[in-house]
2 protein chains.
Amino acid sequence: MKFEAITIKDIAKALGLSTSTVSRALRDSYEISPETKEKVLLYAKENNYRPNPIALSLKEKRSSSIGVLVCEIANSFFSQAINGIESVAQEKGYNVIIAQSKEDFEKEVSSLQYLASRSVDGIVFSVSGETSDFSHVQQLYSRGMNMVSFDRVVDFPDIHKVSVDNYKAAYDATTHFIKNGYKNIACVANAAFLSITKERVEGYKDALKDHKIQLNPENIYYCLHGGLLYEEVAEIMAHATKGKSKPDAILACSDKITTSIMRYCQQENIAIPKQVGLVGFSNLDLTDLLAPSLTVVQQPAYEMGRIAAELLIKQIESKRPIKEFEDVVLATELHQRASSEKKKA
Amino acid sequence: MKFEAITIKDIAKALGLSTSTVSRALRDSYEISPETKEKVLLYAKENNYRPNPIALSLKEKRSSSIGVLVCEIANSFFSQAINGIESVAQEKGYNVIIAQSKEDFEKEVSSLQYLASRSVDGIVFSVSGETSDFSHVQQLYSRGMNMVSFDRVVDFPDIHKVSVDNYKAAYDATTHFIKNGYKNIACVANAAFLSITKERVEGYKDALKDHKIQLNPENIYYCLHGGLLYEEVAEIMAHATKGKSKPDAILACSDKITTSIMRYCQQENIAIPKQVGLVGFSNLDLTDLLAPSLTVVQQPAYEMGRIAAELLIKQIESKRPIKEFEDVVLATELHQRASSEKKKA
DNA sequence: AATTATACCGGTATCGTTTGCGTAAATTAA
DNA sequence: TTAATTTACGCAAACGATACCGGTATAATT
């Protein structure tokens, strides 16, 4: 069975009018007599007429929908961001079409291709962890697709970007460790290509430098899959805790990495923060209830989604090409809790 | 700027053919000579031709997209379910359009209206906590929209449903409490209208009855907003812990309720499970890391999403009206952890 | 009375694609 | 040689809505 909506033609036929008259009556044109308007409006209301958005899209060459590409929906950061995107889209009369890259480059390329071919008016995207080459994005963008880069932003200039101050976030988190007496701080980051990874690692390094702590390159670890695979993190942790370096603190640079590290520590009976302190990037809303309560860097995901969507829609609806590109950088929040508490002597 | 894709007309003009010939060549029709086909195919490939899905939708009266209505995207259960839906949709060539009701009846009605007017081919939906009257769904459904009800299912028969065995989940959780020595078990549930609420409360009641424990009606609490508001839960907890009944165990019937209760207990220094045992419905993947580790009823959200999407797409693509409706009921998993451990004497 | 203005409405092209029908040319059959 | 058939393509309608370009009837103006 099929859902068949009433069309302007049906109204025209029922009332003995032409489609153009009905169309104009519905759009309240001055060329239509009040009586005719009333008749049409009444009939339309009674029969619950809605203009067919697909026909409109075809005519107007716009679909009033925006695509969202993230690596994983079932991730608190991204679902909160999508929440923000959806709320703005709803307000402005757009719908949201979602696609996932699952941190896979091929899937990212095909998903973008897919969204573009689905005639979305624009795309908000965060690149996958495997993405070091942005030419597929660049290409689509230069062909005229409206795009806003968020979270894991691309490295070319003329595009709206929405991200957080990852450098400062990592710098502050590392400094927080140092102030609390931790000496040998490791950093477990996402895939090395990512903008967020580079910035976070840089913040981490600079914090060490500024506090005159010698950087040990072995203390920096990268997860190609961003912790999507537990084993990836477990291996790193095994290496870190059983190797020479033996860090007394770990800065975990993603949600999944953070959780995986906690799980590893619990399984291996590694006491947090006694044996190893932990600060994690996380947007889960119950990190305060963990054992121990977790010091986290929290990102304004919902807000990021809202801003990205607003920029995108503004760009879509702009008459002339955008010349000035925003590079919105929001602040993160460091919630200090037990997992990184002050070292006792 | 606008993203302008190449059309069949462009190809026709470039090669000096008619659009119909190009169309047929692309669809590999027998009426087109091999040479012409080759020319067209080559040109199409070189210029990255993709058929305009909007034009196709208009013609075929189908959009190859499905709508998803949930109350909140940023909820682990629903984001996992959406994940499952998206994965099936992707496989079958559909895209997913999402909408949120935010547990609000009005917003649910308008969101459904919205999805329908956006010409989706079908809708997977979970009703809001305020929804006791299903006539808006019933109406849309009887007008021919393909729909699958999941999680919080509707009460009318001729529709595909995908849910979990909420009765058994609550029954087993309650029984688990009883076996571990808890005597005065409270149940904090979602809005009373919801199918999942009724089933869970029923399971709770029957478990008590079967173990010859007198039911205290005051021990059953309902959250109209499903715990979306912390205050809602805090009030209930205040009433429960400071009132006469003083339960020694609580069955929390939703993700948010569970988290809120834990947070309340932490703030009020109520020891879990010593002062009050806790079992919660939750799909978060770090409940094992909480303090104390949390006994949870976990739902196969991803699987539910997959099944719902499969049923919907099968229905969409079915030539004749469906007569047999599935009522898929999946099992939940009870993960026993510290928050409900055995009472000492 | 002829012209002009105004009010109202219809015809048709358009968006991109598919498809039934028509037809010229080429080929085959008689 | 002529008729029948096949091959290979074009024309036009259709999907739903809009908008330009008209057109007609009545009323107002010269």
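Residue numbers start from 1 in every chain, and the chains themselves are labelled A, B, ... in the order their sequence lines are given, proteins ahead of strands. Note that this is a predicted model, so its numbers are computed, not measured.
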Testing C:dT18, D:dT18, D:dG16 for proximity to the side chain of B:Glu60, the answer is C:dT18

Among D:dT18, D:dG16, C:dC15, the one nearest A:Arg27 by side-chain distance | D:dT18

Between atom [atom1] in [X] and atom [atom2] in [N], what is the gap in whole Å?
X: A:Leu58; N: D:dA14; atom1: CG; atom2: C1'; answer: 12 Å
X: B:Lys9; N: C:dA13; atom1: NZ; atom2: P; answer: 12 Å
X: A:Ile11; N: D:dG16; atom1: CD1; atom2: P; answer: 12 Å
X: A:Asn52; N: D:dA14; atom1: CG; atom2: P; answer: 17 Å
X: B:Ile8; N: C:dC15; atom1: CD1; atom2: P; answer: 14 Å
X: A:Leu56; N: D:dA19; atom1: CG; atom2: C1'; answer: 13 Å
X: A:Leu26; N: C:dC9; atom1: CG; atom2: P; answer: 13 Å
X: B:Asp10; N: C:dT14; atom1: CG; atom2: C1'; answer: 15 Å

Applying ring pair (Phe, Tyr, Trp, His ring centres under 6.0 Å) to B:Phe156 and not counting sequence neighbours gives none

Check ring pair (Phe, Tyr, Trp, His ring centres under 6.0 Å) between A:Tyr43 and all other residues, then give those that pass, not counting sequence neighbours.
-> none

Looking only at side-chain N and O atoms, does B:Lys61 come under 4.0 Å of OP1 or OP2 in D:dA14?
-> no

Should A:Tyr49 be listed as having a side-chain N or O under 4.0 Å from OP1 or OP2 of D:dG16?
-> no

Presence of salt bridge, A:Glu72 and A:Lys102, under 4.0 angstrom | yes

Please identify each residue that fulfils side-chain hydrogen bond (donor to acceptor under 3.5 Å, both in side chains) with [X], with sequence neighbours left out.
X: B:Gln80; answer: B:Asn283
X: B:Glu106; answer: none
X: B:Asp151; answer: B:Ser126

How would you list all residue pairs meeting salt bridge (charged side-chain N to carboxylate O under 4.0 Å, His left out) that involve residues 121-138 of chain A, not counting sequence neighbours?
-> none

Which residue pairs satisfy the salt bridge (charged side-chain N to carboxylate O under 4.0 Å, His left out) criterion with at least one member in residues 7-27 of chain A, sequence neighbours excluded?
-> A:Arg24-A:Glu31

Which part of the nucleic acid, if any, lies within contact of B:Ser23, taking any heavy atom under 4.0 Å across all strands shown: a base, the sugar-phosphate backbone alone, or nothing?
-> base

Classify every nucleotide of nucleotides 5-13 of chain D by which part a protein heavy atom approaches to under 4.0 Å, writing B for the base, S for the sugar-phosphate alone and - for neither, in 5'-to-3' order.
-> ---BBBBB-

Got a list of protein N/O to nucleotides 26-28 of chain D N/O distances below 3.5 Å?
none

Taken to the nearest 0.5 Å, the spacing of A:Ile98 CD1 from B:Ile98 CD1 works out to 4.5 Å

